[in-house]
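Written below as structure tokens is the structure these notes are about.
Excluded from the calculations below are hydrogen atoms, water molecules and symmetry mates; all remaining heavy atoms, backbone and side chain alike, are included. Chain letters run A, B, ... following the sequence lines, proteins first and then strands; every chain starts at 1.
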Amino acid sequence: MKKTINILFAGDSGDGMQVTGMQFTNTAAIFGHDVQSLPDFPAEIRAPAGTLPGVSGMQITFSENTIHAPADTLDVLIAMNPAALIVNLPNLKPNGIIILNEDSFKAKDLQKARLDSHPLEDGKLQGYQTFPIPLTQLTLNAIGEHGLTHSQAGRSKNMFALGLVYWLFDKTYDETVNWLENKYQQQAALVQANQAALKAGYNFALTSELFAEQYPLAKAKLPPGTYRQINGNEAFALAFAAVAHQSQQKVLVSGYPITPASTVLHDAAQLAAHNVDVFQAEDEIAAMGATIGAAYGGSLAMTVTSGPGLDLKGEGIGLAVMTELPMVIIDVQRAGPSTGMPTKPEQTDLLQAIFGRHGECPLPVLAPKSAGDCFNMLLEASQIAINYMTPVIILSDSYLATGAEPWRLPDVATLPILKPNFAKNIPDFKPYQRDENLARPWAVPGTAGLEHRIGGLEKEKETGDVCYDPQNHADMVALRAKKIEHVARDYAPLSILGEGEADVLVIGWGSTHGAILTAAQQLQAAGSAVHYLHLRHLFPLHNDLGDVLTGYKKVVVAELNQGQLTWLLRAKYLKDVQCISKVSGKPFLVSELVEKIKAQCHDNINA
Amino acid sequence: MTTLTRKDFSSDQEVRWCPGCGDYAILATMQRTLPALGIPKENIVFVSGIGCAARFPYYMNTYGFHTIHGRAPTIATGLKITRPELSVWIATGDGDALSIGANHLLHVLRRNVDVKILLFNNEIYGLTKGQYSPTSEKGKITKTSPAGSRDNPINPLAFALTAGATFVARCIDTDAKNLQAVITAAAQHKGAAIIEILQNCNIFNDGAFAEFADKAVRNERVRYLQDTDHDTTNFDAAYLLSQHAYPEHAVPMGILYQAETPTYDATFSSQSEKSGDLKDLLRKGYVWEIK
């Protein structure tokens with residue numbers, strides 16, 4: 001078999017597929033594979049059991065190579081019911097493996113999945129290696145003696161399935177055994193039952209000679225270090241603690257629950273011991289207001305939201321720009337407009353983040369490229385915020401929020417030191433006097449001698465007094481813009497991926513990095529002269545970007561919107577940039593990127 | 001410590017309310033009251049939203065933040081959570097606090113954030129030049145309600161009491177003695193304090209409270225609660241008083257209600273006194289080594 005495997009656990013949203021998937025992910029990672037995991041779940045808490053909209057899945061790609069994105073097509077599909085099978089079958093490769101729970105393929109189950117015939121009998125599964133297994137009954141047989149109710153016992157079938165798959169890929173179940181001990185420590189019966197189901201699944205695969213062979217993979221060559229699994233939202237929460245640690249200041253995280261940003265708040269709420277406080281506000285507007293108030297008070301303040309919440313925060317962000325207070329606003333983008341598709345990714349808030357406020361209201365906009373990069377980016381955003389006294393927006397998305405990857409733990413000693421420069425003892429103090437970054441002083445209430453007033457009204461240069469003078473306003477607009485332009489001076493050099501000369505440059509930003517990088521690498525490996533540039537800084541853009549663009553005959557941006565970065569590049573650099581656009585609530589597939597890049601650039605690449 | 005005076009609390013900004021506005025009297029009383037409270041000037045912060053009343057912070061020589069419409073409670077909450085030692089005051093009007101900001105006002109009160117709210121109530125929109133406000137009487141004829149407003153008015157005191165405010169009071173702008181006493185009590189109160197200050201807008205709603213608030217009639221038509229046997233810890237009595245209106249009743253002035261309950265910001269500050277190890281946090285859960 002090949003060196004990268006893509007496997008999907010799919011069932012009802014109550015079948016424990018996310019847990020099963022996470023366990024498999026952790027075990028695969030501990031075995032030294034590179035891993036990408038991607039949950040796919042419905043927006044409803046519990047859609048009706050067994051129905052097509054109720055299907056919940058967790059996809060895991062694991063490899064003996066370094067990977068940057070989940071694979072496009074499935075090698076193995078574990079289907080707990082007919083709906084899970086039918087929804088995901090189109091993604092399964094020819095000759096792929098299907099493991100299905102025979103016990104939930106009765107007439108009523110087929111009806112719920114709107115099937116007229118039994119898929120095992122009607123030829124739908126021809127061309128696949130199908131293994132119908134009575135998972136529920138085997139699970140009940142295995143754990144009968146542990147004193148659970150019938151339905152409790154039946155729910156352990158996810159562990160039976162996991163055991164099967166562990167054997168298939170030559171993994172051990174030890175990590176999951178330990179995890180169960182910790183997870184259900186107060187409920188011995190549950191621990192024993194689930195462990196018994198897990199082991200029974202493994203032993204069943206071993207002894208029944210169900211599968212002709214195992215598919216062991218070699219370890220991936222990852223850089224040495226200590227690793228853990230992380231998704232983007234977890235990385236943000238850890239980064240709050242890191243910001244508090246590196247600045248020796250309290251961090252206040254304000255928010256209002258919204259999918260897919262809420263888990264950042266959940267995780268942050270566990271960090272009181274790390275100087276991170278969470279304020280759950282009455283709405284998005286209040287969360288923004290509290291962030292501004294905390295920043296005014298000298299706290300490193302953050303707020304976390306998703307698209308519709310960013311709409312509501314707009315007026316507050318304008319105030320923060322006008323009063324030049326440092327803070328970070330995380331937008332975990334989701335498909336829109338309006339409520340859109342809350343659990344599906346898009347990159348459609350870029351122009352809103354840059355321009356979505358009234359007046360000339362510039363602020364830095366950054367986007368992390370991976371789950372682990374969310375950690376780095378929050379530290380970088382915090383540094384920009386305090387160095388330039390400005391709010392900063394970070395654009396994550398629901399794909400980064402929930403997709404997990406192995407993350408090499410940073411050495412705490414090498415994290416950037418954040419030094420909030422609180423003003424004190426300034427003779428002849430003026431609240432809007434400027435330093436070399438054009439930043440104004442962070443003079444916080446409680447500092448004797450620096451009493452002053454700030455607000456949203458236009459202010460006179462330096463004194464900050466309310467001022468309607470036309471020239472002063474023009475100067476202040478220019479000054480605020482120039483300050484933000486200066487942020488680009490601190491950026492790391494652009495890193496262009498690709499050997500030799502090329503006429504084609506593919507540009508991407510945000511969570512699509514892994515897919516675009518993989519596509520570019522495949523094209524390069526096939527002999528196409530294509531270069532790839534990932535942008536972490538969307539506003540202001542990198543100072544060298546214009547020169548870079550000039551060096552290519554053809555520039556293509558791939559983004560999950562109708563061409564928002566493409567617009568920006570065309571407008572700013574007057575370059576005929578083209579777009580590979582996708583707005584379906586799904587991430588890019590590597591194969592579709594390869595095809596679209598080839599199609600758009602066929603005159604310029606020697607493929 | 002040197003004793004501060006009214007002058008120490010006056011900023012260098014020219015006060016730009018309309019001549020004859022009730023806000024002048026409130027500003028003067030505040031500047032006269034603060035020196036006696038013994039709070040260091042640098043620890044006092046005035047936060048405001050939008051409206052005539054919201055210009056108040058510019059005229060105080062303390063820290064001040066003129067923010068956005070209706071949101072002052074949210075900004076004050078964020079500030080107070082992170083800096084519980086500060087004395088945080090919100091200057092707001094009936095439009096700012098009870099229309100666009102009513103939700104935030106409700107939440108700052110029910111959380112019992114230790115902020116002091118001065119609600120300048122002139123029953124009209126002044127800064128936008130004379131539309132009816134959420135406290136305007138039903139049938140009020142204004143630029144946006146030529147046939148009389150259709151809205152029932154909000155009763156600010158009843159709103160505050162039912163929201164869970166732990167200090168609820170009412171004063172008249174020009175009644176400096178009573179206002180000073182109530183501001184002093186509010187400053188000393190631990191928790192969310194709200195003072196409705198009946199304030200005359202002599203341009204758009206002149207004389208709104210004249211029939212009971214004018215000096216000539218005030219003593220007969222107003223009931224100063226400190227001079228009665230009103231028990232300020234009795235919520236039911238306070239609520240009943242909040243319904244009293246002229247001419248059926250004398251209009252209650254002073255502190256209607258006061259309760260001692262833990263403040264929101266105090267619970268925040270106590271959460272952050274531990275110190276966890278960042279390295280341990282990063283390593284939490286499954287970790288594995290690659291050599």
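For the atom pair CG (A:Asp465) and CG (B:Asp12), the distance works out to 6.0 Å, reported to the nearest 0.5 Å. Put simply, CD1 on A:Ile285 and CZ on B:Arg71 are 4.0 Å apart, with the number rounded to the nearest 0.5 Å. The line from CE of A:Met322 to OG1 of B:Thr67 is 13.5 Å long, rounded to the nearest 0.5 Å.
With a 4.5 angstrom heavy-atom cutoff, A:Pro410 touches chain B via backbone and side-chain atoms both. Residue B:Lys291 touches chain A through its backbone alone, counting heavy-atom pairs closer than 4.5 Å. For chain B, the nearby parts of A:Ile30 are the backbone and the side chain; heavy atoms of each come within less than 4.5 Å. Both the backbone and the side chain of A:Leu450 come within contact range of chain B, with heavy atoms under 4.5 Å apart. Contacts between A:Leu252 and chain B at a heavy-atom distance below 4.5 Å involve the side chain alone, from C-beta outward. For A:Thr226, the parts lying under 4.5 angstrom from a heavy atom of chain B are both the backbone and the side chain. Interface remark: A:Trp407 contributes side-chain atoms only to the contact with chain B (heavy atom separation under 4.5 Å). With a 4.5 Å cut-off on non-hydrogen atoms, B:Lys41 touches chain A through its backbone and its side chain both. Contact of A:Asp283 with chain B is made through the side chain alone, with heavy-atom distances under 4.5 Å. Neither the backbone nor the side chain of A:Leu300 comes within contact range of chain B, judged by heavy atoms closer than 4.5 Å. Proximity to chain B (any heavy atom under 4.5 Å) is shown, for A:Thr291, by neither the backbone nor the side chain. Residue contact with chain A, scored on non-hydrogen atoms closer than 4.5 Å, involves the backbone and the side chain of B:Glu289 alike. If you measure heavy-atom distances from A:Glu175 to chain B, the contacts under 4.5 Å come from both the backbone and the side chain.
The residue from B:Phe46, B:Phe65, B:Tyr58, B:Tyr63 that alone fulfils the ring pair (Phe, Tyr, Trp, His ring centres under 6.0 Å) condition with A:His452 is B:Tyr63.
The candidate with the highest count of non-hydrogen atom pairs below 4.5 Å against chain B, out of A:Ile292, A:Asp411, A:Leu457, is A:Leu457. Options A:Lys219, A:Arg228, A:Arg408, A:Glu234 differ in how many heavy-atom pairs under 4.5 Å they form with chain B, and the most are formed by A:Arg228. Of the listed residues A:Ile230, A:Leu415, A:Leu238, A:Leu271, the one with more heavy-atom pairs under 4.5 angstrom with chain B than any other is A:Leu238. Top candidate by heavy-atom pairs under 4.5 Å with chain A, chosen from B:Thr82, B:Ile75, B:Val88, is B:Ile75. The greatest number of non-hydrogen atom pairs below 4.5 Å with chain A, out of B:Asn43, B:Leu106, B:Val287, B:Leu281, is found for B:Leu281. Between chain B and the residues A:Gly449, A:Gly225, A:Gly456, the largest count of heavy-atom pairs under 4.5 Å involves A:Gly225. For chain A, the option among B:His69, B:Lys284, B:Arg111 with the highest count of heavy-atom pairs below 4.5 Å is B:Arg111.
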Verdict with supporting geometry, B:Thr62 and A:Glu451, side-chain hydrogen bond (donor to acceptor under 3.5 Å, both in side chains): CA-CA 5 Å; B:Thr62 62; A:Glu451 292 85 356; over 6 Å; no
Side chain to side chain contact (heavy atoms under 4.5 Å, CB included) assessment of A:Glu282 paired with B:Asn103: CA-CA 8 Å; A:Glu282 58 268 25; B:Asn103 183 40; 3.7 Å; yes
Side chain to side chain contact (heavy atoms under 4.5 Å, CB included) between B:Arg55 and A:Val466, worked out: CA-CA 11 Å; B:Arg55 302 298 172 101; A:Val466 174; 5.7 Å; no
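The environment of B:Asp280 atom CG is dense: over 12 non-hydrogen atoms of other residues, nucleotides or ligands sit within 6.0 angstrom. With a 6.0 Å radius and a threshold of 12 heavy atoms from other residues, nucleotides or ligands, A:Tyr256 has its OH atom at or below the threshold.
When all heavy atoms of A:Leu409 and B:Arg283 are compared, the closest pair comes out as CD1-CG, 3.6 Å. Pairing each heavy atom of A:His274 with each of B:Leu278, the nearest pair is CE1-N, 4.2 Å. Closest heavy-atom contact between A:Gly297 and B:Leu79: CA-CD1, 3.4 Å.
Judged purely by atom type and a 3.5 angstrom limit, A:Arg453 has no side-chain atom pairing as donor or acceptor with the backbone of B:Gly64. Distance alone, capped at 3.5 Å, is enough to place a donor-acceptor pair between the B:Arg83 side chain and the A:Pro445 backbone. Using modelled atom types, one side-chain atom of B:Trp288 and one backbone atom of A:Ala29 make a donor-acceptor pair closer than 3.5 Å. Proximity of a side-chain donor or acceptor of B:Tyr286 to a complementary backbone N or O of A:Gln23 within less than 3.5 Å is not detected.
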